[in-house]
Q: 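Have a look at the structure that comes next, please.
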Amino acid sequence: MNQINNSKKIYHAAIYVRLSKEDGDVATAGKRESNSISNQKDLIKNFLKDKKDIVVVSERVDDGYSGSNFERPAFQMMLEDIKKGIVDCVVVKDLSRFGREYIDAGKYIERLFPALGVRFIAVNDHYDSLEGKSQADEIVIPFKNLINDAYCRDISIKIRSHLEVKRKNGEYIGAFTPYGYQKDSDNKNKLVIDAYAAGIVKEIYRMKLSGMSQTAIANALNKQGVLSPMEYKHSLGIRIQDNFKTHEQAEWSAMSVKRILENEVYTGTLVQGKRTTPNHKVKKLMKKPETDWVRIEKNHEAIVSEREFALVQRLLGIDTRTSPNEEKVYPLSGLVVCGDCGAMMIKRDVPAGGKVCGAGSLQT
């Protein structure tokens, strides 16, 4: 009786396809073609042609997303459709396109989907949950998920090793270049000077060495109409997202100026590998010990001298706050200390914190 009901039921299916950067970078040309988004869709649609009990209601595509976790936008949208009752069938090319994480893939296929009444089909693996699990499926499906997980781990190790070799060879591997540089047109892993932006960087260092604070420098650049690093990249056609942008057009800030003043890349030294992820499953970035950073000196053309950079770092390390309505710091700011408490003395018009010495303040 159940078989009769199942044969009459019409399933509303979501076609799910995925292609990761790892698939494109590591796989052979033949595999890239067989795993392509269009090929996956065509294969699934051809499979569903004679399936009268399945109606396709959506196509979800995660292009450029790893299978090592399920935090993918299109996959999450598909889950929302399932929760709303819009979708009750998921069709994929094979288990590896669904996901390469052994535990979570098993959770969805063996527990969550059955609990929600969702039919799951993996075309090339000849698996359809509606037909019930055979003894072979009980062994083969988990085993294939485990193999996919191991493959993802192996790819991750190879990519990490490949990137580490590039770092040690002085090749720049960042997606976006530091302000003041651009990628060589003949070699995307080589930094070359961007004449206009490099001129702004030099001016920022000059203003700092003349005694201006980061805030004063930022204000001066905004007043002159100089595009901030992000807006400058946008003007070049480079799309970069800034989650901290508060205005329609991002402006220079004390923080953006400080980042430039602290970046050793402007001396010709390339420092990479400061952060990493624990493994291919955890995407949270963690800071590595400085001893593990890859530091290559005289790697590319410098914008500022090492002496200028060192002087600026010294200035950044002392208290050089300016008084209200002032652009330059007082000559002895950050150099004079309180003889009683040892704190750096700054100009202050009123006592602070109820302390007699004003925490090193110089009363007027």
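One is the number of the first residue; the rest follow in order along the sequence.
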Q: My understanding is that only residues two or more places apart in sequence, or in another chain, count here; which of them pass side chain to side chain contact (heavy atoms under 4.5 Å, CB included) with Lys51?
A: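 Partners of Lys51 by the side chain to side chain contact (heavy atoms under 4.5 Å, CB included) criterion, ordered by chain and then number, come out as Phe47, Leu48, Asp53, Ile54.
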Q: State, with a plain yes or no, whether a side-chain heavy atom of Leu227 is found less than 4.5 Å away from one of Ser235.
A: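 Yes, close enough: below the 4.5 Å cut-off.
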Q: Just by distance, with hydrogens left out, do Thr267 and Glu264 show a side-chain donor and acceptor under 3.5 Å apart?
A: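 No - no donor-acceptor pair under 3.5 Å links their side chains.
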Q: Looking at Arg60 and Asp81, does any basic side-chain N land under 4.0 Å from a carboxylate oxygen?
A: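 The answer is yes: the pair qualifies as a salt bridge.
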Q: Counting N and O atoms only, with roles assigned by atom type, does the side chain of Arg97 sit under 3.5 Å from a partner on the main chain of Arg18, one being a donor and the other an acceptor?
A: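 Confirmed, Arg97 side chain pairs with Arg18 backbone.
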Q: Dump the intermediate steps for salt bridge (charged side-chain N to carboxylate O under 4.0 Å, His left out) on Asp88 and Arg119, then the final yes or no.
A: CA-CA 6 Å; Asp88 59 4; Arg119 180 180 179 182; over 6 Å; no
Q: Indicate whether any N or O donor in one side chain lies under 3.5 Å from an N or O acceptor in the other, for Tyr172 and Asn299.
A: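 No pair is found: no donor N or O on one side chain lies under 3.5 Å from an acceptor on the other.
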Q: Below 4.0 angstrom, N of the basic side chain to O of the carboxylate: do Glu297 and Arg295 qualify?
A: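 Looking at Glu297 and Arg295, the cut-off is met.
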Q: Evaluate Asn124 against Leu43 for side-chain contact (heavy atoms from CB on, under 4.5 Å), listing each step before the verdict.
A: CA-CA 9 Å; Asn124 279 358; Leu43 183 143; 3.7 Å; yes
Q: Heavy atoms, side chains only, cut-off 4.5 Å: are Cys89 and Ile121 in contact?
A: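 Yes; the side chains approach each other to less than 4.5 Å.
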Q: Would Ile260 and Leu209 show up in the same hydrophobic cluster when neighbours are defined by side-chain heavy atoms closer than 4.5 Å?
A: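 Yes.
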Q: Taking atom types as modelled, is there a side-chain donor on Tyr16 or Asp62 under 3.5 Å from an acceptor on the other?
A: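 Side-chain D/A pair, Tyr16 to Asp62: present.
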Q: Specify whether Phe98 and Tyr108 have parallel, tilted or perpendicular ring planes, treating 30° as the upper limit for parallel and 60° as the lower limit for perpendicular.
A: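 Perpendicular.
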Q: Would the distance check show the side chain of Gln214 and the main-chain N or O of Val257 forming a donor-acceptor pair, the cut-off being under 3.5 Å?
A: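 No; judged by distance alone, with no hydrogens or angles, the pair does not exist.
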Q: Could you go through the ring pair (Phe, Tyr, Trp, His ring centres under 6.0 Å) check for Trp252 and Tyr232 one step at a time?
A: CA-CA 11 Å; Trp252 286 92; Tyr232 179 66; 9.7 Å; no
Q: Is the Tyr266 ring parallel, tilted or perpendicular to the Tyr205 ring (thresholds 30°, 60°)?
A: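 Plane angle over 60°, so perpendicular.
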Q: Ignoring hydrogens and angles, state whether a donor on the side chain of Ser68 or Ser66 is under 3.5 Å from an acceptor on the partner side chain.
A: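 A donor-acceptor contact under 3.5 Å links the two side chains.
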Q: With a 6.0 Å cut-off on ring centres, are Phe75 and Tyr65 close enough?
A: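 Judged by ring-centre distance (under 6.0 Å), Phe75 and Tyr65 do not meet the cut-off.
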Q: Regarding Arg259 and Ser253, is there a side-chain donor-to-acceptor distance under 3.5 Å anywhere?
A: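 Per modelled atom types, Arg259 and Ser253 side chains form no pair under 3.5 Å.
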Q: Does one hydrophobic cluster hold both Leu130 and Val56, with members joined at side-chain heavy-atom distances below 4.5 Å?
A: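 Yes, Leu130 and Val56 fall within the same hydrophobic cluster.
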Q: For the hydrophobic clusters of this structure (ILVMFWY residues joined by side-chain heavy atoms under 4.5 Å, transitively), does one cluster hold both Leu116 and Met77?
A: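 No; tracing contacts between hydrophobic side chains, which count when under 4.5 Å, never links both residues.
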Q: Does the distance from a Lys or Arg side-chain N to an Asp or Glu carboxylate O, for Glu171 and Lys190, drop under 4.0 Å?
A: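 Between Lys190 and Glu171 there is no salt bridge, as every charged N stays at least 4.0 Å from the carboxylate O atoms.
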